[in-house]
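Numbered from 1 within each chain, the chains take letters A, B, ... in sequence-line order. Side chains are part of it too, since the values below use all heavy atoms of this structure and drop only hydrogens, waters and symmetry mates.
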Amino acid sequence: MISSLPLSRSNLILLHEHKFETREEIYALTPSQLARELEINQDEALKIWKTAKFGDDCMTRSVSNLSSTNSKREVSALNLWRRKARQRPIFSLCEDMDKMFGNGIRIGEVTEFCGVPGAGKTQLGMQIACTVQIPTDLHGPGGQAIYIDTEGSFMPRRAYEIAGGVCKHLRGVAAISSDEKITTVADGLTPRNFLENIFVYRVYNYIEQLTCVKSLGGFISKHPKVKLIILDSIAFHFRHGFEDNYMERNRTLTSIAQTLTKLAQSLQIAVIIMNHVTARMSASGSGSLTPALGPTWAHSCTNRVMLEYRDGRRWARILKSSSCEAKTIEYEIGSDGVRNLSPAPASTAGFGNENMDFKETSSTSSKRQRML
Amino acid sequence: MASLRLKRILDEKLAERCASENLHTVEEFLSKSEIELLEMLSLSVGELNEVLKKIYRKGPAPRTAYEMFKDDTASLVLYDGSARVDFNPGIITELVGSAGAGKTQCCMTLAAMAGLPVEHGGFGGGTLYFDTESSFSPSRLVEIARERYPNIYNTQALKRLISNVHVYQTNKTQELVKKLEGLDAFLIEEKIKLIILDSIALPFRSEFDGKHIPARQRLLNTVASKLKYFSDTFGLPVVTTNQVTTKFSKAEYGAALGITWAHAVNVRYRLNCYDSPTNDTAVRREWIIEKSPCSPSKSLQYAIDSGGVVFE
């Protein structure tokens with residue numbers, strides 16, 4: 001009954017004049033329709049509407065909180081900023097590449113690395129699968145990694161070497177800090193620790209690739225420490241077997257992309273996808289290299305990086321990103337893994353703190369010591 | 001998993017409905033879009049999601065990298081010095097070089113090595129040798145084995161070696177693909193521990209012209225996919241040989257078969273053969289590790305003698 005609603009007398013009279021008798025009649029209209037009907041302004045109409053819909057205590061809360069729809073999807077940019085600031089960044093140990101992305105591998109987004117054979121996609125993948133595990137005591141993400149291997153690139157022996165390189169690096173940085181706890185933790189790390197926290201799926205065809213990706217949600221709910229998914233490579237099984245049926249191919253690819261994007265966003269994890277390159281002939285007959293899987297796939301990833309390998313030198317170049325500027329950096333691959341080209345500058349201070357600072361830009365965050 | 005029968009996963013009535021729509025395997029089921037499935041099987045969205053969840057649960061199971069590391073099987077090591085030249089199970093290793101560089105010699109050396117007992121660095125098993133260029137020579141294989149491992153390969157062992165090297169001669173891509181389809185049983189029965197494809201380039205380059213490159217690339221990827229499956233499932237190295245192209249544009253490697261095949265191959269060794277500047281008859285041979293996840297790019301000198309490929 002309308003007369004029992006906690007509205008002002010003038011509003012109650014207004015409603016009565018316009019023949020509103022029950023609460024349902026009021027909130028059956030939208031607030032803007034109500035405003036037109038009652039010939040009042042929209043803020044006033046909203047108050048009446050909220051009272052009718054949600055009862056007595058609704059006035060102090062915002063509509064988005066009261067709504068029964070999924071409030072996890074809606075978030076203000078401020079809250080998004082806060083959420084991201086709380087995350088431990090995932091650094092790759094190649095400082096220039098981390099700076100290129102702003103503050104390490106993008107979390108909550110899908111990043112695609114394409115490159116020629118030999119550029120180092122798998123090396124980078126194996127390395128980040130290790131660095132995502134850097135313990136929280138050492139100000140790292142302390143997570144686990146899932147590695148989906150579609151072409152047999154994941155070689156355990158090399159992963160062991162790269163894990164060893166990460167251990168070496170951590171011990172080196174820990175030695176500079178005077179904190180005994182940090183040194184103890186770093187000294188206790190072995191390559192075996194890292195390998196035990198990388199879950200490797202070997203898939204042999206596109207069906208297995210599809211079912212694997214679709215089953216990840218269930219796997220991660222049982223292994224909540226997973227903070228990284230690597231798919232190496234998306235392309236291999238989609239470049240044969242589809243003959244002229246591009247529709248089915250694109251549909252399956254889109255389905256995989258959607259699932260991975262959703263996982264990245266809802267679980268706030270990083271997703272990295274490796275892609276091939278293919279030669280594209282221009283009219284003049286000269287070839288250029290372009291990411292494989294065509295223009296439909298090109299839309300699927302938030303960030304796209306091209307890894308180039310020419311005359312023994314390697315570069316990474318951002319092709320597409322909503323938040324990083326287009327940049328090119330050079331890197332190298334040694335027995336310890338992927339690193340900056342020049343020797344890294346001596347680390348300043350101790351390990352970083354977690355205060356969220358509005359004045360912080362990406363340059364200051366890289367100056368304050370990340371442990372990497 | 002793709003050919004898993006639906007009736008083994010789903011309940012009987014649903015499996016029958018699927019069968020009546022000609023969907024018998026997981027692959028056939030998943031190749032249809034969700035809307036098509038909803039219509040064909042008269043399911044609600046919720047019911048379809050439950051069915052899909054059941055199917056997805058049958059997907060491959062993961063292993064930790066450490067389990068894989070512990071289970072890592074030995075490789076065929078051709079050289080272990082300033083760099084490591086080995087042929088690992090689970091991947092495709094390729095030898096690229098011009099004619100006369102020594103690719104076939106290397107293949108035969110590997111076949112001799114695969115036949116060695118395990119304690120001597122071999123696999124104690126047979127080799128499946130796809131010979132597309134009619135370059136395989138049984139007598140040369142015997143010579144290499146005898147000269148390289150004189151203490152191990154006596155007459156009896158040599159006889160065993162060559163009876164365990166199974167040569168399949170064809171230069172047609174379709175025959176190659178067909179043979180690869182039915183290979184499972186053969187590999188198990190004959191205890192094959194090494195697959196050699198000498199060369200992959202010839203049949204593909206001769207049958208596909210410039211206008212049919214996409215079809216060629218698709219078939220190459222199919223072949224690569226099957227080879228990797230055998231390599232991983234049976235824990236055996238797969239070695240292919242490739243030719244070089246004379247055209248060298250920026251987007252193409254020196255190796256034939258384009259960038260698609262370059263992606264498919266996991267390790268690539270380049271064999272170069274130069275005339276010696278000083279000596280007219282001598283030849284200088286260079287072994288380059290062109291693509292490898294385990295070794296940096298390196299250049300080594302090698303030679304070919306009666307015992308096959310040797311490094312200096």
Side-chain angles (χ1 to χ4, degrees), chain A residues 116-118 122-123 126 129 146-147 151-161 163 192 194-208 210-212 214-215 218-219 233 235-237 239-243 248 251-252 276-280 286-289 292 312 333-335, chain B residues 1-3 26-27 30-34 52-53 55-72 88 90-92 215 217-225 228-229 231-233 249-253 258-260 262-266 268 290-294 296-297:
Chain A
V116 295
T122 303
Q123 305 286 301
M126 292 197 278
I146 289 178
Y147 197 105
E151 28 183 66
S153 322
F154 188 91
M155 298 186 70
R157 225 179 303 151
R158 178 59 177 155
Y160 191 90
E161 258 178 27
R192 176 178 170 165
F194 286 98
L195 292 194
E196 280 171 341
N197 289 296
I198 304 176
F199 301 104
V200 182
Y201 285 88
R202 179 75 170 93
V203 298
Y204 295 104
N205 54 53
Y206 85 97
I207 293 285
E208 289 188 1
L210 178 65
T211 49
C212 175
K214 295 282 186 187
S215 69
F219 182 85
S233 64
F236 183 59
H237 294 303
R239 301 183 76 197
H240 67 95
F242 284 91
E243 300 311 328
E248 194 197 324
R251 190 180 1 106
T252 317
H276 291 177
V277 291
T278 183
R280 178 176 46 193
S286 64
S288 68
L289 292 177
I333 303 184
S335 55
Chain B
M1 195 237 159
S3 44
V26 167
E27 180 165 3
L30 292 178
S31 66
K32 300 273 176 247
S33 73
E34 293 196 4
L52 286 174
K53 269 202 214 142
I55 294 183
Y56 294 148
R57 248 173 278 164
K58 290 282 178 185
R63 303 169 71 196
T64 68
Y66 185 65
E67 281 165 14
M68 291 173 68
F69 179 73
K70 270 195 311 181
D71 287 346
D72 219 8
N88 284 286
I91 58 170
I92 299 180
Q217 308 305 57
R218 271 199 301 272
L219 197 56
L220 274 175
N221 274 330
T222 308
V223 169
S225 183
K228 285 185 204 237
Y229 172 76
S231 186
D232 206 38
T233 311
S249 77
K250 254 193 175 167
E252 250 186 306
Y253 283 72
I259 207 161
T260 306
H263 274 297
V265 153
N266 298 91
R268 197 171 242 183
E290 202 173 86
K291 175 188 176 187
S292 165
C294 293
S297 296

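Residue Ala61(B) touches chain A through its backbone alone, counting heavy-atom pairs closer than 4.5 Å. Using a 4.5 Å cut-off between heavy atoms, Ser297(B) contacts chain A through its side chain alone, with no backbone atom that close. Heavy atoms closer than 4.5 Å to chain A are found in the backbone of Lys32(B), but not in its side chain. Residue contact with chain B, scored on non-hydrogen atoms closer than 4.5 Å, is absent for Phe194(A). Both the backbone and the side chain of Glu208(A) come within contact range of chain B, each with at least one heavy atom under 4.5 Å from a heavy atom of that chain. Heavy atoms of Arg251(A) lying under 4.5 Å from chain B belong exclusively to its side chain. With a 4.5 angstrom heavy-atom cutoff, Asn88(B) touches chain A only via side-chain atoms. When heavy atoms are compared at a cutoff of 4.5 Å, Phe219(A) approaches chain B solely by way of its side chain, counted from C-beta outward.
Panel note: side chain Lys228(B), backbone Glu151(A); a donor-acceptor pair is recorded below 3.5 Å.
Counting heavy atoms from C-beta on, the side chains of Leu52(B) and Lys214(A) never come closer than 4.5 Å. Residues Met1(B) and Asn205(A) have side chains not in contact (no heavy-atom distance under 4.5 Å, counting atoms from C-beta outward). With contacts defined as side-chain heavy-atom distances shorter than 4.5 Å, the pair Arg202(A)/Met68(B) does not qualify.
For chain A, the option among Cys294(B), Ala2(B), Ser225(B), Gly59(B) with the highest count of heavy-atom pairs below 4.5 Å is Ser225(B). Interface remark: of the candidates Val265(B), Val26(B), Asp232(B), Asp232(B) forms the most heavy-atom pairs closer than 4.5 Å to chain A. Ranked by heavy-atom pairs under 4.5 Å with chain B, the list Ser215(A), Ala235(A), Pro156(A), Ser233(A) is led by Pro156(A). Per-residue counts of heavy-atom pairs under 4.5 Å with chain B were compared for Arg157(A), Glu161(A), Glu248(A); the largest is that of Arg157(A). Contact tally against chain A (heavy-atom pairs below 4.5 Å) for Thr260(B), Thr233(B), Ile55(B): the top residue is Thr260(B). Chain A forms more heavy-atom pairs under 4.5 Å with one residue of Thr222(B), Leu220(B), Asn221(B) than with any other, namely Asn221(B). Here Ile207(A) is the residue among Thr252(A), Ile207(A), Ile333(A) with the most heavy-atom pairs under 4.5 Å with chain B. No other option in Val203(A), Thr122(A), Val277(A), Leu210(A) has as many heavy-atom pairs under 4.5 Å with chain B as Val277(A).
Ring planes of His263(B) and His276(A): parallel class, angle under 30° (limits at 30 and 60°).
For the atom pair Glu67(B) CD and Phe199(A) CZ, the distance stands at 9.5 Å (nearest 0.5 Å). Rounding to the nearest 0.5 Å places CZ of Arg57(B) at 13.0 Å from OG1 of Thr211(A). Here the OG atom belonging to Ser292(B) is positioned 8.5 Å from the CZ atom belonging to Arg158(A), to the nearest 0.5 angstrom.
Across all their heavy atoms, Ile259(B) and Ala279(A) have their closest contact at CG2-N, 4.1 Å. Closest non-hydrogen pair, Pro60(B) versus Tyr201(A), comes out as O-CE2, 3.3 Å. Across Gln123(A) and Pro293(B), no two heavy atoms sit closer than the pair NE2-O, 3.0 Å.
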